[in-house]
J.: 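Pasting a structure here, questions to come.
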Amino acid sequence: MATGSFSLPAREPFELASVALSHGWVQLKPFDYDPEAHALTYVASVNGAVTQVTITELVDRPGVSVTGDRRLSPSARSALGSQVTWMLGLDQDLAHFYELARGEPKLAHVIDGAHGRILRSGSFFEDTVKTILTTNTSWAGTKRMVAALVDRHGSQHPADADRHAFPTPAQLAAVDPAELREAGLGYRAPYISELARSIVAGETDLEGVCESTAGTDEIRKRLLAIKGIGGYAAAVLLMLLERYDFVPIDSWARTMVSREWHDGEPVGDAEIKAAFERWGTWQGLAYWFWAWSQA
DNA sequence: GGTAGACCTGGACGC
DNA sequence: GCGTCCAGGTCTACC
């Protein structure tokens, strides 16, 4: 067996903290981030074995060091390497976005700060479930629901009963929707259950969406066909797929666009779309990293 | 295609 | 401490 540590290269510019703190995912289990140590941790299921992974930034070149808390076989190391590369978008090319951002004072900060990558979970299934759990609730509610899923239904770490991986589709498909409802998911419980069962039954290929070369509109249609995914959630998931053609319009977007361009007057979807339309296929990213005048 | 009401939970608020 | 109201996206029924 090989040791549990290895490194992965990243395309420049890269800063681990910029990716880790790109949105709230880092606050959701099984992620954790230590700002003092600049270390991102994630409880992963690698080839069926639960491993806590610690990711730190390399000091001598762009990239990260990945350390598992157990010895990794060559195949496990390869699988984990692919997973971490995907989660951090290490090979993502944002050169065109930076070119555009250079000419916009509200986006110029993304270049120096190496912003642009958005943290992803270990699987697109996990990202989809988490996104559904962000809808129609507070952030505290999202954290509580995700924690309930992970703690109750995720595979347990062999050395620590308090640590669990995010549950697989098979694990969630086996759970009675009523139990998910009681766990605090409320009306979202049947959505999660139906999605998990559909994947297990082979009716939905969520991970295949990541590799798809289909157009963004087609991918969006597939996402909108999932119960619980509406316009906002689809836009968030498309962003995680590096497709930035849509702005995720939620209450926060309404507030910020209203303050930025409409003197606090209420705005509709049309005004929000109009505000970022000029950024074309980068408009979602422009919105995400916009330096708003008022927080 | 557009709109209204329901869904569920937790936090804020008034009494 | 209790009850009420509200915010947060999406779904469904209806027009």
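Keep in mind that the numbers below use all heavy atoms, side chains included, and drop hydrogens, waters and symmetry copies. Protein chains get the first letters and strands the later ones, always in sequence-line order, with residue 1 at the start of each. These numbers were taken from a predicted model, which means no experiment stands behind them.
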J.: Validate the cation-pi geometry between A:Arg120 and A:Trp86: distance from NZ or CZ to the six-membered ring centre under 6.0 Å, angle to the ring axis within 45°.
T.: yes

J.: Base, sugar-phosphate alone, or nothing: which one does A:Ile132 contact when heavy atoms must sit under 4.0 Å apart?
T.: nothing

J.: Does any pair with a residue in residues 91-105 of chain A pass side chain to side chain donor-acceptor pair (under 3.5 Å), and if so which ones, sequence neighbours excluded?
T.: A:Gln92-A:Tyr244, A:His96-A:Trp282, A:Glu104-A:Arg278

J.: Restricting to nitrogen or oxygen on both sides, can you table the protein-nucleotides 1-8 of chain B pairs closer than 3.5 Å?
T.:
unit_1	atom_1	unit_2	atom_2	d
B:dC8	OP1	A:Arg181	NH1	2.1

J.: Want to settle it: does A:Ser138 or A:Ile229 sit nearer the 5' end of DNA chain C, counting the closest nucleotide to each?
T.: A:Ser138

J.: Determine whether the aromatic ring centres of residues A:His109 and A:His115 are separated by less than 6.0 angstrom.
T.: yes

J.: Quick one: bend of the helix from B:dG1-C:dC15 to B:dC15-C:dG1 from 5 pairs per end, to 10°?
T.: 30°

J.: Thinking salt bridges, do A:Asp245 and A:Arg220 make one under a 4.0 Å N-O criterion?
T.: no

J.: Report the distance from atom CH2 of A:Trp25 to atom CG of A:Asp127, rounding to the nearest 0.5 Å.
T.: 6.0 Å

J.: Is any side-chain heavy atom of A:Asp32 less than 4.5 Å from a side-chain heavy atom of A:Tyr42?
T.: no

J.: Do the charged groups of A:Glu260 and A:Lys106 touch, with an N to O distance under 4.0 Å?
T.: yes

J.: Is it the case that more than 12 heavy atoms not belonging to A:Asp263 sit under 6.0 Å from its CG atom?
T.: no

J.: In residues 231-240 of chain A, which ones come under 4.0 Å of DNA chain C, going by heavy atoms?
T.: A:Gly231, A:Tyr232, A:Ala233

J.: Which pair of heavy atoms, one from A:Arg243 and one from A:Ser212, lies closest together, and at what distance?
T.: NH2-O, 3.1 Å

J.: Enter the distance from A:Ser193:OG to A:Arg188:CZ here, rounded to the nearest 0.5 Å.
T.: 15.0 Å

J.: Over 60° means perpendicular and under 30° means parallel, so tell me whether A:Phe276 and A:Trp292 are parallel, tilted or perpendicular.
T.: perpendicular

J.: Expressed as a whole number of angstroms, how long is the span from A:Leu133:CG to B:dG10:P?
T.: 13 Å

J.: Would you mind classifying the nucleic acid contact of A:Gly228 as base, sugar-phosphate or nothing, using non-hydrogen atoms under 4.0 angstrom?
T.: sugar-phosphate

J.: Identify the heavy atoms of A:Leu240 and A:His23 that sit nearest to each other, and give their distance.
T.: CD2-CE1, 4.4 Å

J.: Under the ring-ring contact (aromatic ring centres under 6.0 Å, His included) test, which residues partner A:Phe246, sequence neighbours left out?
T.: none

J.: How would you label the contact of A:Leu224 with the nucleic acid (heavy atoms, under 4.0 Å): base, sugar-phosphate, or nothing?
T.: nothing

J.: Regarding A:Thr137, tell me which of base, sugar-phosphate or nothing describes its non-hydrogen contacts under 4.0 Å with the strands shown.
T.: base

J.: Students should find this one: the first and last nucleotides of DNA chain C, 5' to 3', lying under 4.0 Å from a heavy atom of chain A. What are they?
T.: C:dG8 to C:dT12

